[in-house]
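These values consider heavy atoms only, across backbone and side chains, with no hydrogens, waters or symmetry-generated copies.
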Amino acid sequence: PPGQRGVVYVGSSTVHKNLGMLIGIAAEMPDVKFEWYGGSSDHPLARMPNVRVEGWHRFNIDTVRRICANNDLFVNTSVSDANPTTLSEFGLASGLIPICTETSGYWKNECYTNIPLNDVGASVRIIKEWLNKPSAELAERSRLNRIECEQKHNWDRFCQTIWDGIKEYV
């Protein structure tokens, strides 16, 4: 329910992940709990009082269930992301609501709520808006995201896209 929702980030601390922005967001939201899977306790983000760090994990059903039980939103603040599949494979497929910068791999897609790159204030407003939505609205978005994931992110579609691109050469 509103007021008890959490935010998760799954990924590394490499420079393109832009964790300085996430630090700014977490600092502006001290009453919101954040979790970081893949993080290091040595990173400044990990030292924030409202951030719980889990190191690298082998993702399995128990880990995913724990993340989803504790969080509703999946935030990604990347400057660029060459392989943003975490947002679809984990965010959409698990039922979390993905919130990401336009430069993190998804832009103008109704399944992903975009936050402006390096604009902490605007990003906090957008995240708070999602954190305060009625549970039914989050559940509906999650349901629609799952449908999108099943219809567009599957092996049949992947193989068909490859075939469509190469069939004239074969």
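The distance from the OG atom of Ser78 to the NE2 atom of His16 is 5.5 Å, given to the nearest 0.5 Å. A distance of 12.0 Å separates CZ of Phe74 from OH of Tyr37, quoted to the nearest 0.5 Å. The distance from atom CZ of Arg141 to atom CG of Leu138, rounded to the nearest 0.5 Å, is 10.0 Å. To the nearest 0.5 angstrom, Glu168 atom CD is 10.5 Å from Trp163 atom CH2. Rounded to the nearest 0.5 Å, atoms CD (Glu28) and CD1 (Ile127) are 11.0 Å apart. Residue Leu19 holds its CG atom at 6.0 Å from OG of Ser13, rounded to the nearest 0.5 Å.
Using a 4.5 Å cut-off on side-chain heavy atoms (C-beta onward), Asp72 and Leu131 make no contact. For the pair Leu45/Leu22, a side-chain contact is recorded, criterion being any heavy-atom separation below 4.5 Å from C-beta on. Two residues are said to be in side-chain contact when any heavy atoms from C-beta on lie closer than 4.5 Å; Val75 and Pro98 fail this criterion. Here the side chains of Val79 and Thr101 are not in contact, with every heavy-atom distance at 4.5 Å or above.
Among residues two or more places apart in sequence or in another chain, the side-chain hydrogen bond (donor to acceptor under 3.5 Å, both in side chains) test is passed with Ser94 by none. Listed by chain and number, the residues in a side chain to side chain contact (heavy atoms under 4.5 Å, CB included) with Val53 are Trp36, Ala46, Val51 (sequence neighbours excluded). Thr161 meets the side-chain hydrogen bond (donor to acceptor under 3.5 Å, both in side chains) test with no other residue; sequence neighbours excluded. Checked against side chain to side chain contact (heavy atoms under 4.5 Å, CB included), Val15 has no partners two or more places apart in sequence or in another chain. With sequence neighbours excluded, the residues satisfying side chain to side chain contact (heavy atoms under 4.5 Å, CB included) with Trp56 are Ser12. Scored by the side-chain hydrogen bond (donor to acceptor under 3.5 Å, both in side chains) test, Asn70 finds Glu35 as partners (sequence neighbours excluded). For the side chain to side chain contact (heavy atoms under 4.5 Å, CB included) test, residues two or more places apart in sequence or in another chain that qualify with Ser142 are Ile97. With sequence neighbours left out, the side-chain hydrogen bond (donor to acceptor under 3.5 Å, both in side chains) criterion links Ser40 to no other residue. Take Phe34 and apply the ring-ring contact (aromatic ring centres under 6.0 Å, His included) test, not counting sequence neighbours, and it matches no residue. Lys33 is linked by a salt bridge (charged side-chain N to carboxylate O under 4.0 Å, His left out) to nothing, counting only residues two or more places apart in sequence or in another chain.
Of all heavy-atom pairs between Lys167 and Asp164, the closest is NZ-OD1, 3.5 Å. Across all non-hydrogen atoms, the minimal contact from Met48 to Ala27 is CE-N, 3.4 Å.
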field: Residues Arg5, Leu73; criterion side-chain contact (heavy atoms from CB on, under 4.5 Å); working and verdict
entry: CA-CA 8 Å; Arg5 296 187 173 131; Leu73 308 180; over 6 Å; no
Pair Thr77-Ile25, side-chain contact (heavy atoms from CB on, under 4.5 Å): steps then yes or no: CA-CA 10 Å; Thr77 57; Ile25 291 169; 4.1 Å; yes
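The hydrophobic clustering, which links ILVMFWY residues whose side-chain heavy atoms are closer than 4.5 Å, places Val8 and Met29 apart. Following chains of ILVMFWY side-chain contacts shorter than 4.5 Å, one cannot reach Tyr9 starting from Leu96, and the two form parts of different hydrophobic clusters. Residues Tyr169 and Ile162 fall into different hydrophobic clusters, defined by Ile, Leu, Val, Met, Phe, Trp and Tyr side chains chained together at heavy-atom separations under 4.5 Å. Tracing side-chain contacts under 4.5 Å through hydrophobic residues (I, L, V, M, F, W, Y), one never reaches Val10 starting from Trp130; they form parts of separate clusters.
For Glu129 and Lys133, the salt-bridge test passes: some basic side-chain N is under 4.0 Å from an acidic carboxylate O.
Under the salt bridge (charged side-chain N to carboxylate O under 4.0 Å, His left out) criterion, the residue pairs touching residues 143-158 are Glu140-Arg143, Arg146-Glu150, Glu148-Lys152, with sequence neighbours excluded.
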Report all side-chain donor-acceptor pairs from residues 114-121 shorter than 3.5 Å, counting only partners two or more places apart or in another chain.
unit_1 : atom_1 : unit_2 : atom_2 : d
Asn114 : OD1    : Lys108 : N      : 3.3
Asn114 : ND2    : Cys100 : O      : 3.2
Asn114 : ND2    : Tyr106 : O      : 2.9
Asn118 : OD1    : Asn18  : ND2    : 3.0
Asp119 : OD1    : Gly121 : N      : 3.4
Asp119 : OD1    : Ala122 : N      : 3.1

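The backbone N or O of Ala26 lies less than 3.5 Å from a partner atom in the side chain of Asn50, making a donor-acceptor pair.
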